[in-house]
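Okay, structure first, notes after.
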Protein chains: 2
Amino acid sequence: MISSNLDLKNDKPFYLQLAEAIKGRITDNTWRLGMMIPSENELAKEYGISVGTVKKALGVLVQEGVLLRRQGKGTFVASPDFSKSFSRFFRYDWKSGNTVETPGSKVLSIKVIRPDDIISDKLQIDPNQQVFRMKRIRTTQNKPFVIEDIYISCERFRGIETLTLDQRLLYPVYNEKFSTPIIWAEEYLQPESASSEAAEILGIRPNNPVMCVERIAYTHGDLPVEWRRSIGRGDLFRYHIIIR
Amino acid sequence: MISSNLDLKNDKPFYLQLAEAIKGRITDNTWRLGMMIPSENELAKEYGISVGTVKKALGVLVQEGVLLRRQGKGTFVASPDFSKSFSRFFRYDWKSGNTVETPGSKVLSIKVIRPDDIISDKLQIDPNQQVFRMKRIRTTQNKPFVIEDIYISCERFRGIETLTLDQRLLYPVYNEKFSTPIIWAEEYLQPESASSEAAEILGIRPNNPVMCVERIAYTHGDLPVEWRRSIGRGDLFRYHIIIR
DNA sequence: AAGTGGTCTAGACCACCAT
DNA sequence: TGGTGGTCTAGACCACTTT
């Protein structure tokens with residue numbers, strides 16, 4: 001076993017060093033999403049530390065959402081499910097007892113472009129590298145309620161333009177076809193008035209209120225891999241957040 | 001020492017029982033915001049459990065933001081600072097290198113009213129109990145950018161109408177004058193078009209975009225104590241959120 | 001029965017803070 | 001110097017899952 005041993009000279013405690021080592025094995029795809037990682041006893045033996053310290057390291061990663069632990073079964077690399085946190089933000093339950101419904105989606109266009117400064121900055125890529133620009137609409141009950149403008153690196157997502165993306169969530173595609181799981185994201189929200197083009201697509205009147213959401217989605221290593229700008233119908237948009 | 005001992009028959013582990021017991025002492029104001037609580041050794045002795053288990057209980061509460069621990073000093077009841085999380089949501093750094101500025105505030109009116117169903121429901125109070133309704137504007141560089149409509153229980157906040165509230169943050173007042181610290185809050189955001197009255201106050205045109213934020217603020221025991229509805233100028237509003 | 005994680009103990013040693 | 005929390009050990013016993 002070629003174990004990358006822990007460093008006594010490092011001022012970081014063992015449990016944090018181990019947590020980073022585990023994250024490293026996930027980042028480099030040694031351990032993939034959903035896979036079981038070695039047991040507490042194996043890790044303790046491999047790194048030459050006590051089981052208690054291993055437990056502490058694993059606890060940190062569970063807290064961060066990187067790992068899942070199941071008593072009697074094992075410890076697994078977590079598979080973040082963004083479709084859930086996405087739908088949380090829509091008032092699907094607004095004035096109706098409807099069941100939750102996954103929004104439909106339709107790709108309007110995918111083009112290869114040179115990124116402008118904002119996009120290359122957000123995606124942390126070289127401005128000379130090309131990116132895909134995808135325009136997409138999302139629907140509920142067959143009516144468009146969100147327009148999305150999505151930018152991703154051509155290099156990382158080479159070939160995505162040949163896939164069938166209609167009616168699919170993108171993040172599972174990123175994960176399964178391009179080994180790029182989305183781990184976390186940040187969003188910026190602001191209210192705007194609908195442009196005439198947006199209003200026409202969304203079936204509302206120009207200058208009606210819309211919510212503009214900018215999102216940067218990150219994979220392992222806090223690497224940004226997608227930038228998107230969404231315009232949502234104001235009357236269907238309700239964002240819920242807990243502040244602690 | 002009248003120690004409420006832990007329950008072996010309870011299926012909850014000791015460390016969770018202890019965490020709840022500590023939260024109870026904070027809720028009933030035995031231990032107040034900012035106060036130091038007994039040391040690990042004292043708690044272990046008092047409850048008849050090992051120090052390791054106490055450490056685990058305290059770790060849970062640190063994670064929840066209830067406690068703060070300082071090596072060499074002690075463990076303290078955390079004082080949530082909402083002014084910070086509030087200002088996070090405004091684009092004070094938008095297109096300018098300005099330093100962060102606490103918004104000014106001016107109370108337009110405080111009235112005693114009977115709550116409607118929505119408000120008595122949100123505040124979980126009897127519909128026959130009276131509430132204060134406060135209208136307030138918040139300013140930056142002496143220009144209004146948010147209109148607030150705030151509802152609080154007359155009983156809990158008896159006498160607040162006699163205080164000088166202009167240019168003050170409300171949550172420190174709740175905490176210091178009424179022993180009601182705000183621990184957490186939930187918000188609902190949606191985009192709207194400015195009404196003519198709102199537009200006049202905010203210095204924008206009717207139907208310009210505004211952000212509507214509804215907030216329920218909770219004190220200890222998840223008890224709602226304030227409901228507020230804010231209308232913010234769309235061009236000055238930018239909400240930032242991290243999704244994990 | 002064997003292996004997993006979950007809880008708990010009773011220590012040890014360290015780093016930090018006050019006095 | 002004594003008290004605090006932070007790290008770490010080397011076990012024990014339990015609950016759960018799989019074979």
Side-chain angles (χ1 to χ4, degrees), chain A residues 1 3-22 25-26 31 34-79, chain B residues 1 3-22 25-26 31 34-79:
Chain A
M1 178 68 67
S3 87
S4 57
N5 278 320
L6 301 178
D7 187 358
L8 268 171
K9 294 174 298 252
N10 193 327
D11 54 350
K12 276 191 185 168
F14 286 163
Y15 77 91
L16 286 181
Q17 290 187 48
L18 175 54
E20 302 223 335
I22 291 171
R25 297 220 185 164
I26 295 170
W31 298 333
M35 269 182 59
M36 180 177 166
I37 73 169
S39 72
E40 296 175 344
N41 284 322
E42 286 172 316
L43 288 170
K45 192 171 292 179
E46 180 180 351
Y47 285 90
I49 59 181
S50 78
V51 177
T53 302
V54 173
K55 281 175 190 282
K56 184 143 188 177
L58 298 179
V60 168
L61 296 178
V62 168
Q63 199 58 45
E64 290 182 13
V66 176
L67 297 179
L68 285 177
R69 314 193 72 191
R70 294 284 169 252
Q71 193 176 35
K73 299 192 72 173
T75 301
F76 303 83
V77 181
S79 309
Chain B
M1 178 68 67
S3 87
S4 58
N5 278 321
L6 302 179
D7 186 359
L8 267 172
K9 294 174 298 253
N10 193 325
D11 56 348
K12 277 191 184 170
F14 287 163
Y15 76 92
L16 286 181
Q17 291 187 47
L18 175 54
E20 301 225 336
I22 291 171
R25 297 219 185 165
I26 294 170
W31 298 334
M35 269 182 59
M36 180 176 165
I37 74 170
S39 72
E40 296 174 344
N41 284 322
E42 287 172 316
L43 287 171
K45 192 171 294 178
E46 180 180 352
Y47 286 90
I49 58 180
S50 79
V51 178
T53 303
V54 173
K55 280 174 189 282
K56 185 144 186 176
L58 298 179
V60 169
L61 296 178
V62 167
Q63 198 58 45
E64 290 183 12
V66 176
L67 297 179
L68 285 177
R69 313 193 73 192
R70 294 283 169 253
Q71 193 176 34
K73 298 193 73 173
T75 301
F76 303 84
V77 181
S79 309

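Side chains included, hydrogens not; waters and symmetry mates left out as well; all remaining heavy atoms used. Proteins get letters first, then strands, A, B, ... in listed order; numbering begins at 1 in each.
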Q. Residues in side chain to side chain donor-acceptor pair (under 3.5 Å) with B:Glu20, at least two apart?
A. B:Lys12
Q: May I have all residue pairs that pass salt bridge (charged side-chain N to carboxylate O under 4.0 Å, His left out) and include part of residues 65-78 of chain B, sequence neighbours excluded?
A: B:Glu40-B:Arg69
Q) Is there side-chain contact between B:Leu67 and B:Ile26, with at least one heavy-atom pair below 4.5 Å? A) yes
Partner set under side-chain contact (heavy atoms from CB on, under 4.5 Å) for [X], not counting sequence neighbours:
| X | value |
| --- | --- |
| A:Ser39 | A:Asn41, A:Glu42 |
| A:Met35 | A:Trp31, A:Arg32 |
| A:Ala44 | A:Val51, A:Val54 |

Q. Between residues 58-76 of chain B and DNA chain D, which residues have a heavy-atom gap below 4.0 Å?
A. B:Arg69, B:Arg70, B:Gln71, B:Gly72, B:Lys73, B:Gly74, B:Thr75
Q) Among residues 34-43 of chain B, which contact DNA chain D at a heavy-atom distance under 4.0 Å? A) B:Ser39, B:Glu40
Q: Go through DNA chain C in 5' to 3' direction and return only the first and the last nucleotide with some atom under 4.0 Å of chain A's heavy atoms.
A: C:dG3 to C:dT7
Q) Among B:Leu58, B:Thr53, B:Thr75, which one satisfies side-chain contact (heavy atoms from CB on, under 4.5 Å) with B:Leu43? A) B:Leu58
(Q) Need the bend value for the helix from C:dA1-D:dT18 to C:dA18-D:dT1: angle between end axes, 5 pairs each end, nearest 10°. (A) 0°
(Q) For a quick test of reading the model, state the closest non-hydrogen atom pair linking B:Tyr15 to B:Ala57 and the distance between them. (A) O-CB, 3.2 Å
Q) Do you know which two heavy atoms are closest between A:Ala78 and A:Gly65, and how far apart they sit? A) CB-O, 3.3 Å
**Q.** Partner set under salt bridge (charged side-chain N to carboxylate O under 4.0 Å, His left out) for B:Glu64, not counting sequence neighbours
**A.** B:Lys23
Q: Indicate, with a heavy-atom threshold strictly under 4.0 Å, whether B:Lys56 touches base, sugar-phosphate, or nothing.
A: sugar-phosphate
